[in-house]
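To find a chain, count down the sequence lines: A is the first, B the second, and so on, and within it residues start at 1.
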There are 2 protein chains.
Amino acid sequence: MIARCSVDYVGRLTAHLPPAVRLLMVKADGSVSVHADDRAYKPLNWMSPPCRIEEAPGVWRVVNRTGEELRITIEEILQDSSYDLGVDPGLVKDGVEAHLQELLAASPAVLGSGLTLVRREYPTAIGPVDLLCRWADTSADTGTVAVETTRLVEAVPAVGAVPAVGGVSAVGAAGPGEAGRSGRGEAPTAARHAAVEVKRVAGIDAVEQLTRYLELLGRDPLLAPVRGILAAQEIKHQARVLAQDRGIECVVVDYEALRGTKRDELTLF
Amino acid sequence: MIARCSVDYVGRLTAHLPPAVRLLMVKADGSVSVHADDRAYKPLNWMSPPCRIEEAPGVWRVVNRTGEELRITIEEILQDSSYDLGVDPGLVKDGVEAHLQELLAASPAVLGSGLTLVRREYPTAIGPVDLLCRWADTSADTGTVAVETTRLVEAVPAVGAVPAVGGVSAVGAAGPGEAGRSGRGEAPTAARHAAVEVKRVAGIDAVEQLTRYLELLGRDPLLAPVRGILAAQEIKHQARVLAQDRGIECVVVDYEALRGTKRDELTLF
DNA sequence: ATCTATATTTCGAGG
DNA sequence: CCTCGAAGTATAGAT
């Protein structure tokens, strides 16, 4: 329906739309959205299902269970039509995080030489880790395909904008920094693991997420030492800084190239 | 337009919609969205502006500057109408985080007795802190209005679902736990501050965010000791647990009541 | 029902 | 232009 209307929303916040001509869309599930003549994605205002429409002459009250209300006052109807679309077969996607995780699970050595998959979605008390890998003590690092790796070679923090944030073991007693370091110099441990967080775009939140997992896994004697690896198609600068500061490795993955590389060249020595 | 169509999107990912009847919305800015008969908010597929439509018989190609493409193959047109809505006067909002921050800045004592505002959006190397406050050493805690406060009275961690995550000073050497404690017992320090994170709904991410600020501010001798206060209209349980474990205070704020309370009763002694 | 993580997030502000 | 954080985020999946 095209109509001149004003809209009031009272719920999680209060919002008001002064009178103007807008498109009103009422769907089969009772949901309502109000659209202006720009922006493809976001409605000006809306009520998500499940909700109920109480239709009075000139006023629509759309309410949901939690007491939120969308009130549409219709001043003038300019167009009105309806059609039953039926159910939609739905969208088929390719290239999201799940797919990236799948590809990396098939070629874990891309993330670091000697890495082998233990399992995807490794369960922990605070949620599943995207990938848990085991690693051999390969001192020499071979080159990688379609991947640019950043490793914490020096122990120097070098936290540009954030001086000394993690300098005093701010990450945690048995945290990833410690775990990462313990792999070198001391007597080799039987278990060596790596927790991998996969993201399309990695922000600071991804580093925090991985840090929480590492705090937990690093204390498990059956797993320790546990390296942290952040693998993403894009890693934000702030995320990279924080990750390096915490001894977490960053790997930028080229999705297209990885998809081309079904087999892992690194294992074909 | 209501039409039987199939849709292909190639861009940040690849997606396909098999043939079905859907609503196609073309807006004045050239943006296009494809809707099914459910969900008020999200289109099945779309192309955001700025973009261009190349219309051929039976096929719409919608492309943008970055090379993303939405291809709509129209098999049958069932309804077609258009209307020029003109520009929309726009939405007026009330009750978002900025508003809450404003109100709390005006009445900081609501967050804890003796608190006074130093400044809003206090700048740090890792971003601005919502509110920075100074606090007097008021041992007696007066009741607050429209607020339910949870304080770390006992030093016991008691981290329900996440055993011992923060138990071994996982928060950081000079972190908030330490800072919070140093205000009691020892010789009083000249500077006493509180970093306040304001959220409408506070999740674990809010606690992490505040923790990062506290790691930084707690090491500043001009500010320390720095308490951490999480102020929100709603605090998720997990966030509350993590906050308490890290010595961060939680304050639930009633927006409506706070808006009514322009003046802060606590300062009227 | 609640919570967590993702999103072609979108959107806006600030550097 | 990019980066970062908020959103009535919405939405899907898991506990």
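In this entry the distance linking NE2 of A:H237 with C1' of D:dC4 reads 14 Å, nearest Å. Between the P atom of D:dA6 and the CG atom of B:L210 lies a distance of 12 Å, rounded to the nearest Å. Note: CD1 (B:I235) to C1' (C:dT2) measures 17 Å, nearest angstrom. Between the C1' atom of C:dT6 and the NZ atom of A:K199 lies a distance of 8 Å, rounded to the nearest Å. If you take OH of A:Y9 and C1' of D:dA10, they are 13 Å apart, rounded to a whole angstrom. Note: CD (B:E97) to C1' (C:dG12) measures 13 Å, nearest angstrom. In this structure, CG of A:D205 is placed 10 Å from P of C:dA5, rounded to the nearest angstrom. Taking atom CD of residue B:E121 and atom P of nucleotide D:dC4, one finds them 16 Å apart after rounding to whole Å.
Mapping B:W46 and B:P49 onto DNA chain C by nearest heavy atom places B:W46 closer to the 5' end of the strand. Comparing A:P123 and B:Y41 against DNA chain D, the residue whose closest nucleotide sits nearer the 5' end is B:Y41. Between B:S48 and B:I204, the residue whose closest nucleotide on DNA chain C is further toward the 5' end is B:I204. Heavy-atom nearest nucleotides on DNA chain D were determined for B:R65 and for A:E68, and the one closer to the 5' end corresponds to B:R65.
A sub-4.0 Å separation between OP1 or OP2 of C:dT6 and a side-chain N or O of A:Q209 is present. Distances shorter than 4.0 Å separate some side-chain N or O of A:Y213 from OP1 or OP2 on C:dA5. Taking 4.0 angstrom as the limit, A:R212 places none of its side-chain polar atoms (N or O) nearer than this to OP1 or OP2 of C:dT4. When the side-chain nitrogen and oxygen atoms of A:R12 are compared with OP1 and OP2 of D:dA10, one or more of them lie within a distance under 4.0 Å. The side chain of A:K42 places an N or O atom within less than 4.0 Å of a non-bridging phosphate oxygen (OP1 or OP2) of D:dG8.
When distances are taken from the side chain of A:R39 to each of D:dG8, C:dT4, C:dC11, the shortest belongs to C:dC11. For B:K236, counting side-chain heavy atoms from C-beta on, the closest listed nucleotide (C:dT9, C:dC3, D:dT11) is C:dC3.
The number of heavy atoms from other shown groups lying within 6.0 Å of CZ (B:R119) is above 12.
The pair B:R212-B:E215 does not count as a salt bridge, with every side-chain nitrogen at least 4.0 angstrom from each carboxylate oxygen. Between B:R246 and B:E208, at least one side-chain N (NZ, or NE/NH1/NH2) sits under 4.0 Å from a carboxylate O, which counts as a salt bridge. Taking a cutoff of 4.0 Å between a charged side-chain nitrogen and a carboxylate oxygen, B:R22 and A:D88 qualify as a salt bridge.
Taking atom P on both nucleotides, C:dT6 is separated from D:dG8 by 22 Å, rounded to a whole Å.
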**Request:** Give the C-alpha distance, both sets of side-chain angles, the deciding distance and a yes or no for salt bridge (Lys or Arg N to Asp or Glu O under 4.0 Å) between A:R200 and A:E234.
**Result:** CA-CA 6 Å; A:R200 202 180 65 79; A:E234 186 191 334; 6.0 Å; no
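Annotation: side chain of B:L104 is not in contact with side chain of B:L117 (no heavy-atom distance under 4.5 Å).
B:M47 comes within 4.0 angstrom of no nucleic acid atom, judged by non-hydrogen atoms across all strands. B:E69 comes within 4.0 angstrom of no nucleic acid atom, judged by non-hydrogen atoms across all strands.
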